[in-house]
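Values reported hereafter were calculated over all heavy atoms of this structure, with side chains retained and with hydrogens, waters and symmetry mates removed.
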Amino acid sequence: MPGPTPAPASPARRRRRAPRAARAVLGVLLLLLLAWAAAVAVSGVQAARALQRVADAAPGLAERVRAERFAEAVAPARAAAADAAAARRATAQWPYRAAERVPWVGAQLRAASAGAAAAAALTEPLPAALGVAGDVLAEGVVSADRRVDVEGVQRLAPVVVDYRERVEAARSALAAAEDPAVLEVLARRLEPVAGRLDEVAGPLGTAAELVPRLPGLLGAQGARTYVVAFTNPAEVRPVQGIVGAYAYVSVDGGRIELTGTGTDAEFGPARGDSAVNGGEYAGLYGGDRDAGRVQNLTVGAQADDAARLTASLFADAGKPVPDAVVLVDPVGLAQLLGADHAPLDLGVFGEVATADLPRVLMEDAYVRFAQDNEARKAFLASASAAAFEAVLADGVSTSALRGGREAVASGHLAVWSAREEEQRALVAAGLAGVLGEPRAAAHVGLTNVAPSKLDYWTRPRLRLQRPCATGSAEAVAELELTLTNPVPEEVPDYVQNQVATTAAGRRTARDVVSLWVPPAVGLDGASVDGRAVPTSVDAERGWRLVRLTVELPPGEPVVVRWRLRGPAQALPAEVTGPSTVIAPEVSTVPCEPPATSP
């Protein structure tokens with residue numbers, strides 16, 4: 001039989017049991033919370049220690065990579081990858097992830113997690129990538145026998161593309177974790193990482209655009225013919241300077257061979273067809289045959305226009321039509337070779353240091369060959385070709401690639417391909433010398449319009465005063481260009497202004513100054529040495545083009561000022577150019593509000 005039914009608990013007993021139950025539940029919750037906190041703490045400590053080991057290894061690893069000691073870098077790279085992976089695992093555990101939702105504390109944890117994710121993304125493929133780089137770059141991109149390891153470049157391409165994607169992912173992770181609540185001590189650790197990633201993103205993006213196209217450019221699918229057009233900014237143009245010499249280069253299956261040289265004297269009646277650059281170009285620079293003369297190939301804003309005209313000129317002269325054109329001047333050649341390169345043997349000038357190459361080719365040669373212009377042109381062609389051959393003979397090392405980036409950025413080197421897909425990659429990589437889409441920037445160019453070589457000495461200084469307003473509000477900015485030309489007292493006749501009739505005039509350069517600004521920017525006025533001057537206002541490649549003419553007497557600064565007006569966000573925030581022998585000094589200053597009366 002069932003036993004008696006227990007009497008129900010009294011209300012007082014139930015009240016006594018409730019606190020005990022609550023305390024038990026709270027105790028369990030407290031234990032869980034402590035366990036959770038401990039797990040988060042352990043994960044954080046593990047991640048911190050692992051990331052510290054990555055940070056400690058980074059300087060030595062970077063030094064080995066910079067020194068191209070790739071084999072030595074593999075072992076520390078493998079260790080760094082393992083540590084970064086451990087940090088990533090530690091911050092991916094569920095207690096840690098849950099704690100990221102806690103106010104304030106979560107900001108710190110998310111920042112640390114982003115650092116771990118960035119480190120893991122960047123170090124994971126590093127050992128294998130270093131192995132590939134060691135194989136491909138051991139003797140330079142081009143070996144001493146002037147042969148490119150095309151198969152190696154094909155292996156390198158996916159590595160570079162993958163790294164570009166990883167860098168972008170790491171930058172996004174760090175940006176997403178930015179929070180004002182992050183402790184300064186933690187922010188100080190992550191900010192240099194983010195800054196370094198921002199620095200490498202551009203060059204890496206350039207490589208990722210170009211490297212996959214390199215096998216084709218190197219003749220992997222058949223021989224390619226290149227023309228290297230040697231320009232001379234002593235007779236300055238917006239694209240470097242006048243074309244004075246050239247060389248033919250053959251590239252077949254990765255093998256590079258210099259096959260011939262020549263000078264501008266060979267082109268005589270030959271003309272490039274300005275129509276290859278479209279009606280706008282012909283309208284700006286002349287649709288007649290003079291626009292295609294060898295002296296006028298580089299008068300436009302863009303190197304690709306100059307290169308298309310060059311190819312057209314060679315065709316009209318009955319020479320082999322190039323698949324690609326390289327435009328480079330003596331400054332660019334010196335940058336490619338680098339200051340530490342061994343001196344070059346330049347015949348009558350003996351051993352010439354690379355830093356002296358521009359002076360020898362654009363000043364000393366005019367003195368040495370003052371009475372024999374044909375000999376000077378022949379020397380220019382042979383010396384330029386010798387310098388270019390030295391670049392190839394060095395194996396186009398990573399040092400030369402760094403010099404190449406410098407030459408491109410300063411306007412002394414540009415590359416064009418007749419194949420559209422390759423040209424798109426060159427443009428995307430920043431190697432094509434184009435203006436690009438209009439943006440909040442300005443570019444200045446000079447065109448010598450009185451035949452002379454006096455612009456060799458021109459020293460430009462640019463000063464941009466930013467607008468006071470921001471956003472779409474209408475504002476004013478000022479751009480100032482100071483040109484000083486310290487021409488020596490004595491210069492060879494051929495260097496002098498050929499159309500001048502006085503002694504002072506023969507040492508006075510005459511240039512058109514071109515300014516390209518976004519189309520939304522208008523011109524309030526322009527002056528030269530404080531006097532208002534007329535300008536022509538046109539459009540080129542989507543930009544507004546403003547032109548005026550100046551004379552540069554020896555040693556006397558000439559100051560050109562433009563007053564620009566438009567939406568503050570469209571006014572120039574930066575300025576570049578011109579591509580003179582002496583690099584322009586550029587300064588940007590904040591706005592100066594007008595003084596208010598007391």
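A search for ring pair (Phe, Tyr, Trp, His ring centres under 6.0 Å) contacts involving Phe379 returns Phe349, Phe369, not counting sequence neighbours. For Trp543, there are no ring pair (Phe, Tyr, Trp, His ring centres under 6.0 Å) partners at least two apart in sequence or on another chain. Remark: Asp264 engages Lys377 in a salt bridge (Lys or Arg N to Asp or Glu O under 4.0 Å) (not counting sequence neighbours).
Val495 has its side chain within reach of Trp457: a pair of non-hydrogen atoms, C-beta onward, lies under 4.5 Å apart. Side-chain contact between Leu446 and Val550: absent, with no pair of heavy atoms (C-beta onward) separated by less than 4.5 Å. Proximity of Pro572 to Leu564: side-chain heavy atoms (C-beta onward) are separated by under 4.5 Å at one or more points. Side-chain atoms of Thr588 and Glu574, non-hydrogen and from C-beta on, never get closer than 4.5 Å to each other. Residues Asn296 and Tyr285 are not in side-chain contact: their nearest non-hydrogen atoms beyond the backbone lie 4.5 Å or more apart. Side-chain contact between Pro460 and Leu483 is present, with heavy atoms from C-beta onward closer than 4.5 Å. Looking at heavy atoms from C-beta onward, Val560 lies out of side-chain contact with Val444 at the 4.5 angstrom threshold.
The structure places OH of Tyr456 at 12.0 Å from OG1 of Thr580, a figure rounded to the nearest 0.5 Å. The OG1 atom of Thr549 lies 5.5 Å from the CZ atom of Arg510; values are rounded to the nearest 0.5 Å. Atoms CH2 and CG, on Trp416 and Asp305 in that order, are 10.5 Å from each other to the nearest 0.5 Å.
Residue Glu420 places its CD atom among 12 or fewer non-hydrogen atoms of other residues, nucleotides or ligands, all under 6.0 Å distant. Heavy atoms of other residues, nucleotides or ligands lying less than 6.0 angstrom from CZ of Arg461 number 12 at most.
A donor-acceptor pair is defined here as one N or O able to donate and one able to accept, closer than 3.5 Å; no such pair exists between the side chain of Gln295 and the backbone of Ile242. Counting only distance, with no hydrogens or angles, the side chain of Arg541 and the backbone of Gly436 share no donor-acceptor pair below 3.5 Å.
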| request: Take Asp372 and Arg376 through the salt bridge (Lys or Arg N to Asp or Glu O under 4.0 Å) test and state the conclusion after the steps. | output: CA-CA 6 Å; Asp372 192 343; Arg376 184 194 62 80; over 6 Å; no

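With Gln240 as the fixed residue, the side chain to side chain donor-acceptor pair (under 3.5 Å) test singles out one of Thr231, Asn232, Thr298, Asp329: Thr231.
With respect to the salt-bridge test (charged N to carboxylate O, under 4.0 angstrom), the residues Arg237 and Glu235 qualify. Between Glu540 and Arg547 there is no salt bridge, since none of the side-chain N atoms of the basic residue sits less than 4.0 Å from a carboxylate O of the acidic one.
Looking at every heavy atom in both residues, Thr354 comes nearest to Gly338 through OG1-O, 2.8 Å. The shortest non-hydrogen separation linking Gln496 to Val491 is NE2-O, 3.2 Å.
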